[in-house]
Amino acid sequence: ILNVEQSPQSLHVQEGDSTNFTCSFPSSNFYALHWYRWETAKSPEALFVMTLNGDEKKKGRISATLNTKEGYSYLYIKGSQPEDSATYLCAFFYSGTYKYIFGTGTRLKVLA
Amino acid sequence: EADIYQTPRYLVIGTGKKITLECSQTMGHDKMYWYQQDPGMELHLIHYSYGVNSTEKGDLSSESTVSRIRTEHFPLTLESARPSHTSQYLCASSEWGAGVATEQFFGPGTRLTVL
């Protein structure tokens, strides 16, 4: 069974702090890595779809990097705001199937 | 906002009842998925579909069944609900574009409680 791990499981940061999370996934049969943000009482929403080793994506204050050879991706949030509070999920999509394997997520709480 | 809908949003039923959780999307996506999530746990894939008349079981064993008679509709059925089925069920869809696994769009979820 393929495993996708995220760390840390949860963290609290002060408003204005920068933070980052890690997603570890199998380095073989890689096809794509997705990042999602899941706010309370809402549905998960996609942040990034990453496919190439060395990919860097950015959306406002949030960015992500991808290393497929060693099997990890980092998500960075610069200058965290209370509205960034959410669970951040990564999902590994491996070749030969149409299936996604999700990590357990990182629960972020930004304190005002 | 994603055009993917789930009904009901909340359901409390007794043991032994047959239930169907509805999922519909208006985006014309071929791929549809059902996930189960227990509190504090990851999303587990229980069923997915490549397209009409194709369904597959996911990695998490489930006593539910699905059907895909129309592109837009992917209902999940529990023939005889048990307390162990108490969970949140999320439906999602995606498309395959230019060989890229595009993002999944998620419905609002159904929170099921079986007494």
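The sequence lines fix the lettering, A, B, ..., with proteins before strands; numbering per chain opens at 1. Only heavy atoms go into these numbers, but all of them, side chains included; no hydrogens, no water, no symmetry mates. For clarity, every value in this text was computed on a predicted model and none was experimentally measured.
Interface remark: B/Glu56 contributes no atoms to any contact with chain A (heavy atom separation under 4.5 Å). Residue contact with chain B, scored on non-hydrogen atoms closer than 4.5 Å, is absent for A/Phe48. Of the two parts of A/Leu89, only the side chain, counted from C-beta on, holds a non-hydrogen atom closer than 4.5 Å to a non-hydrogen atom of chain B. With a 4.5 Å cut-off on non-hydrogen atoms, B/Leu43 touches chain A through its backbone and its side chain both.
Partner of A/Leu33 under the side-chain contact (heavy atoms from CB on, under 4.5 Å) criterion, chosen from A/Thr51, A/Val49, A/Leu66: A/Leu66.
The 12-atom threshold is exceeded at CZ of A/Arg107, counting heavy atoms of other residues, nucleotides or ligands nearer than 6.0 Å. Residue A/Gln9 qualifies as open at atom CD: its count of foreign heavy atoms under 6.0 Å is 12 or below.
In this structure, the side chain of A/Arg37 does not engage the main chain of A/Glu45 through any donor-acceptor pair within 3.5 Å.
A distance of 5.0 Å separates CG in A/Leu108 from CD1 in A/Ile77, rounded to the nearest 0.5 Å.
Within the 4.5 Å cutoff, the side chain of B/Ser67 has no heavy atoms near those of the B/Thr55 side chain.
Ring geometry for A/Tyr100 versus A/Phe93: interplanar angle over 60°, hence perpendicular rather than tilted (30 to 60°). Taking the six-membered ring where tryptophan is involved, the planes of A/Tyr36 and B/Phe106 are perpendicular, since the angle between them exceeds 60° and thus also 30°.
In terms of non-hydrogen atom pairs under 4.5 Å with chain B, the most contact-rich of A/Ala46, A/Ser10, A/Pro44, A/Ala41 is A/Pro44.
Using non-hydrogen atoms only and a strict 4.5 Å limit, the part of residues 86-94 of chain B facing chain A consists of B/Gln88, B/Leu90, B/Ser94.
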